[in-house]
Amino acid sequence: MAIQPKKHEMPTQDPKVRAHNFNEVATGYSYAVAVEEASRCLNCKNRPCVSGCPVNISIPDFIAKIKDEDMEGAYQIISKSSSLPAVCGRVCPQETQCESKCTLGVKFEPVGIGRLERFVADYHNSNATEQPAKPTANGHRVAVVGSGPSGLTCAGDLAKKGYSVSVFEALHTAGGVLVYGIPEFRLPKSIVAKEVSTLEALGVDIQTNVVIGKTLTVDELFDMGYEAVFIGSGAGLPNFMNIPGESLKGVYSANEFLTRSNLMKAYNPDSPTPIMRGGNVAVVGGGNVAMDAARTALRLGAEHVYIVYRRSMNELPARREEVEHAQEEGIDFRLLTNPVEIEGFTNPDDPRDPRNGFVTGIRCIRMELGEPDAKGRRRPVPVEGSDFVLPVDVVIMAIGTSPNPLIKNTTAGLDVNDHGGIIVNEDGITSREGVFAGGDAVTGAATVISAMGAGKLAAKSIDEYLSAK
Amino acid sequence: MYPIIRKKALNPTVTQMEILSPLVAKKALPGQFIILRVTPDGERIPLTVAGTDPVEGTVKIIFQIVGSTTFLLNQKEAGDSIADFVGPLGVPTHLDGLRKVCIVGGGVGCAIALPIAQELHRLGASVTTIVGFRTRDLVILEDEFKACSDFFHMMTDDGTYGRKGNVTVPLKELLESGNTFDMIITIGPLIMMKFVVATARPFGTPVTVSMNPIMIDGTGMCGGCRLSLLRDGKRITKFACVDGPDFNGYEVDFDEAMSRGRAYVDFERHAYEQTCNLFKKA
């Protein structure tokens, strides 16, 4: 049988429809399509895809199980390496990881590994009835700080080895960026909740409303009998551009806008959470977070949503798929454009005018690409006198974050770099004995899967550390 | 869930509650705050800690019924529980080395000023307290303040209790008659704190103000609580949740903070009315 050259299409909601709802954009492979897509895998000997996976899932093996229609078998293979398969199948940038290495991809389109992973996880979540068996306890206690992708992965891997793991989460719901940051239409919260409950069934104890560095310190965790601590506290304070007008009403950080919509559920019209809906919206930045914010604004009822990005489409750091989805939904990309000032309303005759202090527009300047910088990216240079105003009511700054200082400030002997990121060696070990770290708290804003990889690595190091003790 | 151990109405619109939260009770210091949610899916609101009992494991909060969430909170009685309670957040008020302090509290802000006054008194500092309320019926914590203050000044806007006038009146008199303070610590409405700073400015007395902006996570993640400081002619962005809530009063851009505080006024009014109506029908 000849190999089908293209991946089976991922079914998606019609862009015109989905631009106005928060249901998932991609609806997932059917059983039959999954089996057909699995049969495209060459099951080649050198298995390059596995090396492209930050958590080294045995990709050809789980795909072979799908081909044999043993979906639970496929799930068991994935879950040996990944604690969050339904999440990864949705938000991993497979095109630059496993799928970029696929042998089939040399001549044709690679196997749709991410889509298959998602299918297997969803199939398991809706069909499997039994909870995973609790491993035999080994008597060691580990504390995990933060319940985002790195923390959950670390906790899951350790729990499977018999460690007694407590996860401390500052917010009221477990999941970190998976619940406050990534929108419902890309990653339904019910899926995160399901993955968290799977970990709880493994014996992981999740304590919400505990801020490490405030409620408890790392030292106190050791005093309480935890023998190792993993810090996966995520990225922190949002960055702003330091241009005039950023304090006007209607200027949000992407973190705030997405937190209001996702964690605080403003996407639900009955929610008590205020958020500025409607009008025109400019999102500044070109990463996945910018795409999420723009598409969320659209779904909340904005009339027109701009992405304002200072470089060109080639440099846009967001996943190609997210950019394409955003374009299909009608997001207006203003590339080679950089904000210089946010303008607001002032009634000179009435300081009590309720419209005072609200955003009316964003003044931008056109850019052109100059010489490449140290990283090889062509540096954007402003075109003199080219400034113009986009009339908008809301501006969302999606230009990254800086690490949160709470843990650094309260943990003696924990070294951080110039940017405030926790310094770790290649095994996720920090300068402080018994303390490990990974994810955005170390690297600054990065991807879910790289955080999961770091959580996995740290779990291995913690196991070695405590086994040797 | 976090049980409400005791509840007491301090005046018709201000309620005091003691919530069981042993970890917070053990840690909280004057000037720090907590964030709570009354119900799952409810709003997160910051409230400054008004006292703790580390032995019992309770944290005292005092709140004014101003909106939907505080209305819902006030519906709860002793024995009920609230969904979430997290803290202590923010940096405690710096009290080290202060020997002579003037505390200026306004309205429900007095609830936050009290533990600071008590702690200073305990540390042996001389405490002068000026408190202001709109009218006699809204006066709270008078006996408690008197117990920890060397000098006490009660003001009401309408003169129905204490002296008539703003808190800045006795403050100005004190400063003009030669009183000096190591620090003025003021907590209350933004407009009041702005005028306390203006009153102190000619005398050069340091002023600490306690900011209470709109906040979501309270841990330095969302940036919603940002405010501007003007330092050496430069505008600096700070986050009240991790850098504050206390700031040097001379640096805070109060006008901007007041404007930002009104970002959701219409939404809040609507939500409040809806919540009240819900309870009227029930």
Side-chain angles (χ1 to χ4, degrees), chain A residues 169-173 176-177 180-181 207-211 213-217 220 233-240 242 244 246-260 263-265 268 270-276 344 351 354 356-358 397 401-406 409, chain B residues 2 21 23-24 26-28 32 34-37 39-44 67-69 72 83-90 214 216-228 235-237 239 241-243 253 255-268 270-271 274-275:
Chain A
E169 167 56 47
L171 293 171
H172 54 258
T173 307
V177 73
Y180 77 71
Q207 299 194 22
T208 53
N209 295 329
V210 181
V211 185
K214 286 287 175 190
T215 317
L216 293 169
T217 62
E220 285 170 312
S233 52
L237 301 161
N239 295 338
F240 288 89
N242 295 318
E246 285 182 304
S247 299
L248 290 165
K249 288 170 280 190
V251 182
Y252 292 98
S253 74
N255 269 5
E256 181 184 356
F257 191 75
L258 290 170
T259 299
R260 283 180 182 275
L263 177 75
M264 303 312 295
K265 305 191 175 170
N268 175 353
D270 299 330
S271 159
T273 305
I275 197 162
M276 292 178 196
N356 284 343
F358 280 92
M397 290 291 175
T401 58
S402 310
N404 191 309
L406 290 184
N409 290 349
Chain B
Y2 299 80
S21 180
L23 290 178
V24 180
K26 211 170 123 187
K27 274 289 169 65
Q32 290 190 296
I34 56 92
I35 283 186
L36 64 79
R37 289 200 311 166
T39 54
D41 289 356
E43 188 182 26
R44 291 171 70 92
S68 171
T69 302
L72 283 174
D84 297 286
F85 193 87
V86 59
L89 302 168
I214 293 170
I216 307 177
D217 65 295
T219 63
M221 188 268 282
C222 83
C225 67
R226 67 189 182 277
L227 50 88
S228 297
R235 184 168 278 271
I236 311 167
T237 298
F239 300 95
C241 68
V242 289
D243 299 320
D253 183 341
D255 293 339
E256 178 191 289
M258 283 187 263
S259 174
R260 286 184 63 77
R262 288 191 295 267
Y264 299 105
V265 161
D266 290 343
F267 189 102
E268 283 158 358
H270 180 71
Q274 270 197 326
T275 308

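Reminder, nothing fancy here: chain letters follow the sequence lines and each chain counts from 1.
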remark   = Correct closest heavy-atom pair for Leu248(A) and Arg260(B) would be O-NH1, 3.7 Å
note = Separation between CG (Asp217(B)) and CG (Leu263(A)), nearest 0.5 Å, reads 9.0 Å
message = Using side-chain heavy atoms (C-beta onward) and a distance below 4.5 Å, is Leu23(B) in contact with Leu216(A)?
response = yes
ask   = Is there a donor-acceptor pair closer than 3.5 Å between any side-chain N or O of Ser259(B) and the backbone N or O of Gly357(A)?
value = no
ask   = What residues form a salt bridge (charged side-chain N to carboxylate O under 4.0 Å, His left out) with Arg37(B), not counting sequence neighbours?
value = Asp84(B)
ask   = Are any of the side-chain heavy atoms of Phe85(B) and Asn209(A) separated by less than 4.5 Å?
value = no
request  = Name the region of Ile214(B), side chain, backbone, both or neither, that has any atom closer than 4.5 Å to a heavy atom of chain A.
outcome  = side chain
query = If you measure from CG on Leu237(A) to SG on Cys222(B), what distance do you get to the nearest 0.5 Å?
reply = 10.0 Å
ask   = From Lys249(A) NZ over to Arg262(B) CZ, what is the distance, rounded to the nearest 0.5 angstrom?
value = 5.5 Å
ask   = Are Thr215(A) and Lys27(B) close enough that a side-chain donor and a side-chain acceptor fall under 3.5 Å?
value = no
query = Under a 4.5 Å cut-off applied to non-hydrogen side-chain atoms, are Tyr264(B) and Ile275(A) in contact?
reply = no
Validation row: Leu171(A), Arg44(B) side chains within 4.5 angstrom (heavy atoms) = yes
note = The reported gap from OG in Ser271(A) to CD in Glu43(B) (rounded to nearest 0.5 angstrom) is 8.5 Å
request  = Flag the pair Met221(B) / Glu256(A) as yes when at least one side-chain heavy-atom distance between them is below 4.5 Å, and no otherwise.
outcome  = no
Nearest-0.5 Å distance, OG of residue Ser247(A) to CG of residue Leu227(B) = 8.5 Å
request  = Check whether any side-chain heavy atom of Asp41(B) lies under 4.5 Å from a side-chain heavy atom of His172(A), and answer yes or no.
outcome  = no
request  = Supply the atom-to-atom distance Arg260(A) CZ to Ile216(B) CD1, rounded to the nearest 0.5 angstrom.
outcome  = 4.0 Å
